[in-house]
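Below, all heavy atoms of this structure are taken into account, side chains as well, without hydrogens, waters or symmetry copies. Keep in mind that this is a model prediction, so the values were computed, not measured. Residue numbering restarts at 1 for every chain, and letters A, B, ... go by the order of the sequence lines.
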Protein chains: 2
Amino acid sequence: MQIAILLYDQFTALDAIGPYEVLSALPGSSVVFTAERAGPVTADTGACSVIATASLAEVPHPDIVLVPGSGQSTAAQMANGQVLGWLRAADEHTSWTTSVCTGSMILAAAGLLAGRRATSHWLTLGRLAEHGARPARKRVVIDGKYITAAGVSAGIDMALTLAGRIAGRDLAEAIQLMLEYDPQPPYSAGSPQAARADLVAELRWRYRDVLAPAGQGTRLSG
Amino acid sequence: MQIAILLYDQFTALDAIGPYEVLSALPGSSVVFTAERAGPVTADTGACSVIATASLAEVPHPDIVLVPGSGQSTAAQMANGQVLGWLRAADEHTSWTTSVCTGSMILAAAGLLAGRRATSHWLTLGRLAEHGARPARKRVVIDGKYITAAGVSAGIDMALTLAGRIAGRDLAEAIQLMLEYDPQPPYSAGSPQAARADLVAELRWRYRDVLAPAGQGTRLSG
């Protein structure tokens, strides 16, 4: 079972590494980080680079595709013919096509979420409709073989859900226990419903150009 | 504010990347991944490599140190003179010295947790006492400038706690909201108290050699 995690310049690292940590524990799984070109790919902070060990051309038929999000370069990827072409071709053979955060905008731009229920980072959720998807305000949304997760950390919940679908509840629970995923956030500000209204408004304003064309975006997590 | 995240062969990627995603969003912070030698460092799955952009010698006085854990090579790092020496020297100047998962065993081996309350992955928690620390069954433990987190995913809770201490509650809540950290695990198996007893027993048996000498360990998350 080959699990291809797409990397691209200025991706958000936790979007990719959260699900990676869960899915790489599935028996018989083989995770491959893939990008247009093999080699280091630098995340949106500039401080973290993860190595893509294979080019997209070298990963034509993964069983699972995972697309992370980005606050800076989602728009660039939504217009990246190589990435969109690879996603469309890979999707013809996948068992599961998945995304975290604004990765769903990239899937939508590839035409893969047309008419489907999907989620995204709360800042971009409404805009999924511009690309034919049906926005659903949920942390993890499953529609057929398409699983989308809300912002950044939601990838962990998505991957555990997927692990359960693939390998059964016992195995997924074993992974959860090994990752000691018993979350206890010190604050209750993890969703726009839970957070203070002024904080939500401030972030909406600060990140109003999060899907702006390349070079004009702002870091989603900064 | 320089935040040094230690990398070493066979580290657990989420231990490092969870806190990185939180702490890199702190205003004025500069995260550096550091290892004995600069260059790619491969995680315990073999599938993920993160680049250390600086050698330990190039990061002598970080403000914050973070030590991730590993199921395969914790014991090796606990006997690694270069790593322990760097930790001891860096700790003389840090504002905060932190760990995730079995990273606390490495801090303890460096002598930095003597007499202090600390936590670790649930599988190794009891063994902290062998190195002079006082094991505390909590997700995040603060004792002076030392903050230790429980297994793998607990690093996110630890980093948000630390962010609040450094930059205040409003900023920490803004980071939580941007990372949409509103966890909703699909199962309730994230701690040995919550998980089924037979599952806990099975994992205790399977990972009984998790702190075994180099080359004999088993992957903690697999």
Under a 4.5 Å heavy-atom cut-off, does chain A meet the side chain of [X], its backbone, both or neither?
X      : result
B:P27  : neither
B:L160 : both
B:V140 : neither
B:I5   : neither
B:V50  : both
B:S188 : backbone

Legend entry - Basic-acidic side-chain contact under 4.0 Å: B:R139, B:D157: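 Yes, B:R139 and B:D157 are salt-bridged.
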Are any of the side-chain heavy atoms of [X] and [Y] separated by less than 4.5 Å?
X      : Y      : value
B:V67  : B:V65  : yes
A:T42  : A:C48  : no
A:M178 : B:H121 : yes
B:Q77  : B:V83  : yes

Side chain, backbone, both or neither: which part of [X] has a non-hydrogen atom closer than 4.5 Å to chain B?
X      : result
A:A194 : neither
A:V32  : neither
A:L26  : neither
A:V22  : neither
A:R196 : side chain
A:L14  : both

Inset, instruction - May I ask you to name which of B:A154, B:P185, B:A195 has the most heavy-atom pairs under 4.5 Å with chain A? - result: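 So the answer, after comparing B:A154, B:P185, B:A195, is B:P185.
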Inset, instruction - For A:S55, enumerate each residue passing the side-chain contact (heavy atoms from CB on, under 4.5 Å) test, keeping only those at least two apart in sequence or located in another chain. - result: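 Listed in chain order: A:A57, A:E58.
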Inset, instruction - Would you check if there is a donor-acceptor pair between the side chains of B:K145 and B:S95 at a distance under 3.5 Å? - result: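 No.
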Legend entry - Any donor-acceptor N or O pair under 3.5 Å, side chains B:S24, A:T45: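 On atom types as modelled, these side chains do not qualify, holding no pair under 3.5 Å.
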Flag the one option from [options] with the top tally of heavy-atom pairs under 4.5 Å to chain B.
options                    : value
A:A43, A:G18, A:S30, A:S49 : A:S49
A:D15, A:V31, A:L199       : A:L199
A:A150, A:A189, A:P183     : A:A189

Inset, instruction - State the CG-CG distance between A:L162 and A:L23, to the nearest 0.5 angstrom. - result: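 If I round to the nearest 0.5 Å, the distance is 5.5 Å.
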Legend entry - Selection residues 158-200 of chain A - residue pairs positive for ring-ring contact (aromatic ring centres under 6.0 Å, His included), sequence neighbours left out: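 Sorted result for residues 158-200 of chain A: empty, none.
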